[in-house]
Amino acid sequence: MYKKSFFIVFEGIEGSGKSSHSLSLIKKLKSLKIPCVYLREPGGSKNAEHIRSFLLKRENKGFNSLTDTLLYLAARNENFLRKIKPFHKKKIIICDRFTDSTLAYQHYGLGVKKRFINYINKEIIGTIKPDYTFLMFLNVNKLKSRISNKKTINRYDKFKKSFYKRVQNGFLKICNKNKSKYMVINSSNKYEINQDIIFNRVKKLLK
Ligand code: TMP
């Protein structure tokens, strides 16, 4: 018998495989008849998806980094209220990106104050936290080829390698602070190997 509720997050830089692995996990859980909800950030709820399409449009670049941060947080508030809070403790929630992305991209990547991000995140999510996070680690030298395979290119896909290095190191710092709740997955492993590692860990977590 598996747990009925759990909150799992996938994090990582672009091209690290988090979206395909999170989707593959949801498929496997559904095949076991485990009720689950799939979300992504920015996005998830209808209003948050509106904010996402505005935020990620290439022609909307050039915002001040604080404006950017507020937009990501606004999208999170909508998604959290509509999709995460109502299902928390009721279903398995799998979210492609969550609060760590804001710290990694906006604080470690762009220098927005950590205190500011933490304060608003806390106002939004209160005491609800992810139970477990998979951090997909990608060799930044492989980023270009991974991104050029993507169907849609958003504005962050155009940042320099050094930006992604800072973001990824930020993710690693966050995860090293609370190792029991994170697993780092090396994206240079074969896809199927990582799929098995993730699924096996989730099965253990849900037991
Ligand atoms: P993705 O759907 O390819 O992951 O794209 C989402 C983009 O949004 C990605 O470049 C990371 C960025 N992002 C932030 O900068 N801060 C955030 O808090 C979140 C959730 C995403």
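For ligands, and for the atoms within them, numbers begin at 1 and follow the listed sequence. Computed from a predicted model, the values in this text were never measured in an experiment.
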### Message
Using the ring-ring contact (aromatic ring centres under 6.0 Å, His included) criterion, which residues pair with F80? Sequence neighbours excluded.
### Response
none
### Query
Restricting to pairs with a member in residues 21-50, which pass ring-ring contact (aromatic ring centres under 6.0 Å, His included), not counting sequence neighbours?
H21-Y191
### Message
Any nitrogen or oxygen of E41, side chain or backbone, less than 3.5 Å from one on ligand 1?
### Response
no
### Message
So, 4.0 Å and heavy atoms of K18: is ligand 1 close enough to count as a contact?
### Response
yes
### Query
Do other residues, nucleotides or ligands put more than 12 heavy atoms under 6.0 Å from the OH atom of Y119?
no
### Task
Please determine if Q106 has a nitrogen or oxygen closer than 3.5 Å to a nitrogen or oxygen of ligand 1.
yes
### Query
At a 4.0 Å threshold, what atoms of ligand 1 neighbour a non-hydrogen atom of R76?
18 (O), 20 (C)
### Query
If you draw a 6.0 Å radius around NZ in K165, do more than 12 non-hydrogen atoms from other residues or ligands fall strictly inside?
no
### Per atom 11 (C) of ligand 1, closest listed option by heavy atom (F10, Y105, Y72, F98)
Y105
### Query
Between R52, R40, H107, which one has a non-hydrogen atom sitting closest to atom 2 (O) of ligand 1?
R52
### Task
Quick one: closest heavy-atom pair of G44 and E49, and the distance?
N-OE2, 2.8 Å
